[in-house]
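As structure tokens, the structure follows; a few thoughts come after it.
As the structure is a computational prediction, the values presented were derived from the model and not from experiment. Residue numbers begin at 1 in each chain, while the letters A, B, ... track the order of the sequences.
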Protein chains: 2
Amino acid sequence: MDSSDQLDATFSALAHPARRAILARLAQGEATVNMLAEPFEMSLPAISKHIRVLENAGLIKRGRHAQFRPCTLDTKPLQDIANWTDQYRPIWDARFDAMDQLLNQLKDPHHD
Amino acid sequence: MDSSDQLDATFSALAHPARRAILARLAQGEATVNMLAEPFEMSLPAISKHIRVLENAGLIKRGRHAQFRPCTLDTKPLQDIANWTDQYRPIWDARFDAMDQLLNQLKDPHHD
DNA sequence: TGATTAATTAACGCATTAGTTTATTAGTGG
DNA sequence: CCACTAATAAACTAATGCGTTAATTAATCA
């Protein structure tokens, strides 16, 4: 999987509220599939599939203890998308700077 | 559109390499649909649809000059996803801290 | 006006996604 | 062994996504 495919998989995995909620839950610590499913109206197989999607994107890792498959968060792909968005930070900073300048001008009318 | 739907739309829009490439091009400045389409093998209508997806996600704004519909980048949704990923930053920082500690221990074996 | 250019819409095919219910695998423990 | 729990697989439906080609809208310009 090249890095573009990896970004595809990550963005696509994050494009569903249930999957983002699962990640938020895992930020609190390890959890089983049933624990993860509990807050949702959805069936267990549906959650199982969402977990699979997250796992394929590398966002979660899984262990085995007895008949449980505990899930843990892996933040690596999140760091990758953070780095990706950082490409654009100069642009929104630039706009902010322009706004900042404008505000300063308004506050300090001695400038021309 | 609530903020979760907005995130859905943004992540989903970013989950395609052509759309990310279009954003990268627009980071250089305004461009028409034909200009945006030029680097791709895809048909023009296909690009037109990708642009529509980006526009619906709020990632681009469009103008009108004669028969052209120039596109410009709007970074607001990118800032939103940057803020979203920042939720998880403490976690990967924590892991980095743990790794850092471990490395220090290895370098400095006087610790117990 | 008629030809040309820019872009979108329409109509279609095909693959993928998201959910369901039912069935199955695999491990625990009486 | 049998019953129970955790989780996945199978099979299906409905909706969405991504691409195509052909047709259409809208503006320019000779």
Side-chain angles (χ1 to χ4, degrees), chain A residues 1-2 4-23 25-26 29-73 77, chain B residues 1-2 4-23 25-26 29-73 77:
Chain A
M1 181 147 66
D2 83 0
S4 177
D5 291 348
Q6 177 59 57
L7 279 176
D8 290 0
T10 304
F11 280 127
S12 167
L14 296 176
H16 194 294
R19 290 194 290 259
R20 291 195 304 275
I22 288 170
L23 293 186
R25 167 62 188 80
L26 290 177
E30 181 173 281
T32 66
V33 176
N34 276 288
M35 290 164 70
L36 291 172
E38 195 278 325
F40 296 97
E41 308 265 309
M42 255 174 285
S43 68
L44 196 60
I47 297 295
S48 197
K49 287 184 188 181
H50 283 305
I51 289 173
R52 166 69 53 88
V53 170
L54 291 166
E55 189 180 12
N56 288 341
L59 284 158
I60 71 178
K61 301 300 179 197
R62 323 201 56 184
R64 300 192 81 125
H65 293 99
Q67 66 269 67
F68 304 90
R69 266 80 153 195
C71 303
T72 56
L73 185 60
Chain B
M1 178 147 65
D2 84 359
S4 177
D5 291 347
Q6 178 58 57
L7 279 176
D8 290 0
T10 304
F11 279 127
S12 168
L14 296 175
H16 194 293
R19 290 194 291 258
R20 291 195 304 277
I22 288 171
L23 293 185
R25 166 64 187 79
L26 290 177
E30 181 173 281
T32 66
V33 176
N34 276 290
M35 288 163 71
L36 291 171
E38 195 277 326
F40 296 97
E41 309 266 307
M42 254 174 286
S43 68
L44 198 59
I47 296 295
S48 198
K49 288 183 188 180
H50 283 304
I51 289 173
R52 166 70 52 89
V53 170
L54 291 166
E55 189 180 11
N56 288 341
L59 284 158
I60 71 179
K61 301 298 177 198
R62 323 201 57 184
R64 301 193 82 124
H65 293 98
Q67 67 269 66
F68 304 90
R69 266 81 151 193
C71 303
T72 57
L73 185 60

Side-chain N or O of A:N34 closer than 4.0 Å to phosphate OP1/OP2 of D:dT5 | no
Does a nitrogen or oxygen in the side chain of B:S43 sit under 4.0 Å from OP1 or OP2 of D:dG19?
-> no
Could you measure the distance from the [atom1] atom of [X] to the [atom2] atom of [Y]? Nearest 0.5 Å is fine.
X	Y	atom1	atom2	value
B:H50	B:L54	NE2	CG	8.5 Å
A:L23	A:I60	CG	CD1	7.5 Å
A:D2	A:L7	CG	CG	9.0 Å
A:K61	A:L73	NZ	CG	10.5 Å

Would you mind reading off the distance between [X] atom [atom1] and [N] atom [atom2], rounded to a whole angstrom?
X	N	atom1	atom2	answer
A:F40	D:dA7	CZ	P	15 Å
A:F68	D:dT8	CZ	C1'	15 Å
A:M35	D:dT5	CE	C1'	15 Å

Sorted by number, the residues of residues 13-22 of chain B with heavy-atom contact under 4.0 Å to DNA chain D | B:H16, B:R19
Of the non-hydrogen atoms in A:S12 and A:R19, which two are nearest, and what is the gap between them?
-> O-NH2, 3.2 Å
Between B:A57 and B:A9 the two heavy atoms that sit nearest each other are CB-O, 3.7 Å
Under 4.0 Å between any heavy atoms, over every strand shown, what does A:T32 touch: base, sugar-phosphate, or nothing? Just pick one.
-> sugar-phosphate
Shoot me the first and last contacting nucleotide of DNA chain C against chain A, ordered 5' to 3', at under 4.0 angstrom to non-hydrogen atoms.
-> C:dA18 to C:dT28
By a strict heavy-atom criterion of less than 4.0 Å, which residues belonging to residues 45-57 of chain A are in contact with DNA chain C?
-> A:P45, A:A46, A:K49, A:H50
For DNA chain C, what residues of residues 59-67 of chain A have any heavy atom nearer than 4.0 Å?
-> A:A66, A:Q67
Between A:L59 and A:L14, is a side chain to side chain contact (heavy atoms under 4.5 Å, CB included) present by the stated rule, with each step listed?
-> CA-CA 9 Å; A:L59 284 158; A:L14 296 176; 4.0 Å; yes
I'd like a table of donor-acceptor pairs (distance under 3.5 Å, sequence neighbours excluded) in which one partner is a side-chain atom from residues 31-49 of chain B, with atom names and distances.
residue : atom : partner : partner atom : Å
B:T32   : OG1  : B:M35   : N            : 3.2
B:S43   : OG   : B:A46   : N            : 3.4

Of A:M42 and B:L44, the one whose closest nucleotide on DNA chain C sits nearer the 5' end is B:L44
CA sep, side-chain torsions, deciding dist, call: A:I51, A:R69, side chain to side chain contact (heavy atoms under 4.5 Å, CB included) | CA-CA 11 Å; A:I51 289 173; A:R69 266 80 153 195; over 6 Å; no
Side chain to side chain donor-acceptor pair (under 3.5 Å) filter on B:R20, not counting sequence neighbours, yields A:S4, A:D8
